[in-house]
Structure formats: C-alpha cells, structure tokens
Number of protein chains: 2
Amino acid sequence: MNDAPTRTPAQAAPTRREQILSEAARLFAERGFHGVGVDEIGAAVGISGPGLYRHFAGKDAMLAELLVGISERLFAGGRRRVIEATSAGGGPAAVLGSLIDGHIDFALDDRALITLHDRELGQLRDSDRKQVRSLQRQYVELWVDVVRRLHPDPYEAEVRAAVHAVFGLLNSTPHLGRPGALPGREATAALLRRLAHGAFAALSDGGPRPEA
Amino acid sequence: MNDAPTRTPAQAAPTRREQILSEAARLFAERGFHGVGVDEIGAAVGISGPGLYRHFAGKDAMLAELLVGISERLFAGGRRRVIEATSAGGGPAAVLGSLIDGHIDFALDDRALITLHDRELGQLRDSDRKQVRSLQRQYVELWVDVVRRLHPDPYEAEVRAAVHAVFGLLNSTPHLGRPGALPGREATAALLRRLAHGAFAALSDGGPRPEA
DNA sequence: CAGCGGCGTTAGTGGTCGTTAACCTGAAGG
DNA sequence: CCTTCAGGTTAACGACCACTAACGCCGCTG
C-alpha cells in the first residue's frame, strides 16, 4: 500500500504541508472535494483529523492552495516556454510545439491536479476563484496568440474554442487506464503530441468533409 | 428567470420525474453531487425537499438514473449510427464521421450530462457503476473498431487512447463560454468536427515533428 | 534546567443534510 | 357522497462532518 516516495537524492524531503497537499489532491480527485473528510486526509499522511489545522486554516484553504498553485505553474511554465522558444529564434510552430510539450508533461505528471483544475473550481471562495480564472485566462491567451500567428484565417473565437478543445484532448490522460495501458510514458506523450498537432492542423485547411 | 420551456407542439409536456431529472442534472453539473441539497432540487421544480421522495427512492437514485440513461443513449445512438452508415454502403471514414457527428450533437445538447458522465461516476452504487462502465466500454469499442479499420497501423492501445483523447476534445464544450461565444451552434459543431477529424488523421502519418 | 513553540492528540459542539413520519388536499370513480 | 390514491406539506431524527478547545510531548535555545 505504501509505495516508497522514490525521491532522487538531490531533492529535499517533502515538508508536511507538501505531503498533505499531495494526498489531498489525490483524494479530492478520486472522490471529489465534498466526498473526502478531513479525517481521511489526515490519515493519509499519518496524523489524524484536526492535526491538519496546524498547517492549514481549513479544508477550503487546501483546495485553494492546490488550484491557485496549478494555475500559477501552468501559466508560468507556458510563459517561460514562449519566451525561450521565441528567443531561440523559433517560429510560431516551434513555440506552439513547446507549449504542447509542456502541457503534456503537466498532464502526465499531475493527473490529479488536472482533474481538480476544472472539477472543483466552484468550491472556491470568490476571491480565490477569480484569481484562478484570471491565471487560466492568461494561460489560454498564450496559446491563442501563437495559434493565431500560425493560422491567421479563423476568427479569434474559433481559435479560442480550438485551444480549449485541445486542452480537453491533452487532459484526457486521467481517463486512460490507470498505469496508462500504453507502452510507456514517452509513447503516450508522443501520441498526444501527434493528436494535438493534427487537431490544430485542421484549423487552417477546410478539414476533411465527413462524407469524404 | 423562468425561461419558457420552449416545447415544440409535437412533444408532450415533460413529466414531473423528467423535470426533476433535468434540474438535478443541471445542479449536479454546476456544483457537484455532494454540493447540492435535496431541498435545492425540489425548489428548482417548484416543490420542496422531501416531496422528491414520491418520485425517487433517494438522491443516489436520481444520479444513477441520469448516468445510466446517458450511457445507454450514447451507446444505443452510436450503435444505430454504425449500422445505418454501414448498411448505406459507407466505408469506415463515413462511419467514423457519423459517430463524430452523433457525439457532437450529444455534447452540444446535453452539456450537463457530459459533465456528470465522468465526474460523478464514483458516487454510484457498485452495481450501477458497473453497468455504466460496461456501457461506456461498449461505446468506446464501437469507435475503436471503426478507427482501426481506418488506421490499421497503430497498436490497439494507441487507438484506444486516441479515441479517449478525442472524447476529451469533443466534450470540451462545457468549457467554452456559456452561450458558446461561437457564432452559433452549427459553427461550433463544424469546428469540433474538423478538429476531431484532424486528430484522427494524425494517427496514421508520422505527425509533424515538434521541431519542424 | 527553565520555558517555549511546533506539532500532535482526544473530546466535544454546532450545523448541515438525507431521510422518514404523519398529516393534508383535490380529483377520479363507483 | 364516500373512498382512494397520487402527490404534496411540515416537523423531527440521526448521522456525518468541519472545526474548536483543552491538553500533552518534545526538542530547541538561552
């Protein structure tokens, strides 16, 4: 049951807070925010129930920190990739490729967070929810900008919808059998990469007619 | 607040049960199964709280009927389309196109159910969950079979993952701004259709290398 | 060694929520 | 007109649950 943390010697032991956040994320993703009790979260890290309140103001605060954290990391990572790929002389295609790769890494490494990200937004306090939404919007904007440079023809609304749709595609990893069922992590990543590029490619050309 | 039911004269008035299911689906999708109280569901149909128990054995029963119903309709509709498109002399491409069109119709017309479908599976009683999963599996199988005829090269596991990914793409409609933000329903459908076909097209060819 | 602060513990409390009980009403039917 | 029954009502109960209170242990640090 207790699979070893498998930590590379370089990185420090996770703090209690981090343990709690990690287990809470897993449990929330499995059974929903309201479906998990504080006693369960405590038990998952070896302490019991109210001991959590030494580290967090409440259950809501855990969820808030998780969702704000995801959104920040997604946006920051995306912005970094745009800057790096651009300053490396890459065109829009290279930038988009880097965004896709980054999102795939995230989707494969943090499945639980991906699940929470759009499942439990409604449970946040207004201020937190606004912050998360703002970060999400900025992240989407990164994508929309680069996709529009690559495919200038479609309306912006179409591009925005396409970006959301590709997010849905990439975020489908939690629905693939537990270990992935695919040969390995890299195979899954490669497949998702191809599918995402294929979807965006269909933005410019008329797209195959269904009765082809 | 009370937008008229807008019923075409042909179809009969919805029964109380159907009203309840419809409102429950909307509320569950908005705030999660555990986030909605029976009193709210009752209020949404103009009766109050425990009056629901004249129509359903409990809150769980409503969710179960919703999820089983969706799964059945999805699978039945998919099977019908496969049969019809096949007997009309269509090749795998036409059959896949019909499956995609059907799924898009569903995703656009029943957003709330799409949301519930993979969000609240865990809240079901074991027997119900097994039934839903079985129907889902059969539905996926319809897609895998036809996609494999169209793209014989990839491993079956890859095809299965691709199908799940395209589901994620098509089911992204709930994340597009409330009214759709797109020009209209048909425009959204056309866009999703193109993206889905584009993704599947990338299954066979090597797919664009990221550093293209 | 005093004491103090970080980190747990267990017991209790208030509130919410699903569900049941008991009762009411109005329309259909003999 | 009396009965029946579908479909409501309000009141109450019991379980659960997030959170607080009160207390204990231990490793610092001066």
Side-chain angles (χ1 to χ4, degrees), chain A residues 2 5 12-67 116 119-129, chain B residues 2 5 12-67 116 119-129:
Chain A
N2 239 343
T15 119
R16 241 301 120 85
R17 273 183 70 90
E18 290 166 342
Q19 285 182 50
I20 294 171
L21 284 176
S22 165
E23 291 302 307
R26 187 178 54 80
L27 290 168
F28 289 161
E30 271 175 17
R31 304 208 295 282
F33 179 68
H34 289 296
V36 181
V38 290
D39 291 358
E40 290 178 86
I41 304 175
V45 297
I47 74 183
S48 219
L52 296 171
Y53 289 77
R54 297 288 168 197
H55 304 275
F56 292 93
K59 206 177 135 188
D60 305 341
M62 300 180 206
L63 183 66
E65 190 156 329
L66 282 173
L67 293 191
L116 292 182
R119 213 200 217 47
E120 311 286 1
L121 228 183
Q123 318 294 342
L124 259 47
R125 282 179 18 241
D126 270 23
S127 64
D128 292 322
R129 184 169 52 242
Chain B
N2 238 346
T15 114
R16 234 317 108 93
R17 272 183 71 90
E18 290 165 344
Q19 285 182 48
I20 295 170
L21 284 176
S22 165
E23 292 300 308
R26 187 178 55 81
L27 289 168
F28 289 161
E30 272 175 16
R31 304 208 293 282
F33 179 68
H34 289 295
V36 180
V38 290
D39 291 358
E40 291 179 85
I41 304 174
V45 297
I47 73 181
S48 218
L52 296 171
Y53 287 76
R54 298 285 168 197
H55 304 275
F56 292 93
K59 206 177 135 189
D60 306 341
M62 301 179 206
L63 183 65
E65 189 156 328
L66 282 172
L67 293 190
L116 291 182
R119 210 199 216 50
E120 310 287 359
L121 227 183
Q123 318 296 342
L124 257 47
R125 285 182 13 244
D126 271 23
S127 65
D128 292 321
R129 183 168 53 242

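All values reported here derive from a predicted model rather than from experimental measurement. Each chain gets a letter, A, B and so on, in the order the sequences are listed, and its residues count up from 1.
- The CZ-P distance, from F56(A) to dG6(C), rounds to 16 Å in whole Å.
- Taking atom CG on D60(B) and atom C1' on dC17(C), their separation rounds to 13 Å, with Å as the unit.
- With distances taken from any side-chain atom of S48(A) to the nucleotides dT9(D), dT20(D), dT9(C), the minimum falls on dT9(C).
- Taking atom CZ on F28(B) and atom C1' on dC17(C), their separation rounds to 13 Å, with Å as the unit.
- Remark: C1' of dC19(D) and NE2 of H55(A) are 16 Å apart, rounded to the nearest angstrom.
- Contact annotation for V45(B): no contact, since no heavy-atom pair falls under 4.0 Å across all strands.
- Considering H34(A), K59(A), R129(A) as possible partners of Q123(A), the one that fulfils the side-chain hydrogen bond (donor to acceptor under 3.5 Å, both in side chains) test is H34(A).
- Across all their heavy atoms, E65(A) and F56(A) have their closest contact at OE1-CE2, 3.7 Å.
- In this model, the phosphate group of dT16(C) is not approached by any side-chain N or O of H34(A) to a distance below 4.0 Å at OP1 or OP2.
- A distance-only check finds no donor-acceptor pair linking the side chain of R119(B) to the backbone of G32(B) [under 3.5 Å].
- Of the listed nucleotides (dA11(C), dG8(C), dG7(D)), dA11(C) has the atom at the smallest distance from the side chain of P50(A).
- Rounding to whole angstrom units, CG of residue L52(A) and C1' of dT10(C) are separated by 15 Å.
- Between the side chain of R16(B) and the backbone N or O of V45(B), at least one donor-acceptor pair lies under 3.5 Å.
- Of the candidate nucleotides dG18(C), dT9(D), dG8(C), dG18(C) has the atom nearest to the side chain of K59(B).
- At whole-Å resolution of the value, CZ in F33(A) and P in dA18(D) are 8 Å apart.
- Counting non-hydrogen atoms under 4.0 angstrom, G37(B) reaches the backbone sugars and phosphates but no base.
- Counting distance only, with no hydrogens placed and no angle test, the side-chain atoms of R54(A) and the base atoms of dG8(C) include a donor-acceptor pair under 3.5 Å.
- Heavy atoms of G58(A) sit under 4.0 angstrom from primed sugar atoms or phosphate atoms, though from no base atom.
- One interatomic measurement links the two molecules: CG of L63(A) to C1' of dA18(D), which rounds to 15 Å at whole-angstrom precision.
- Atom-to-atom, OH of Y53(B) to P of dT20(C) comes out at 7 Å; the value is rounded to the nearest Å.
- Summarising the geometry of P50(A) relative to D39(A), their closest heavy-atom pair is CD-OD1, 4.5 Å, with the distance given to 0.1 Å.
- Close to dG8(C), at under 4.0 Å from its OP1 or OP2, lies a side-chain N or O of R16(A).
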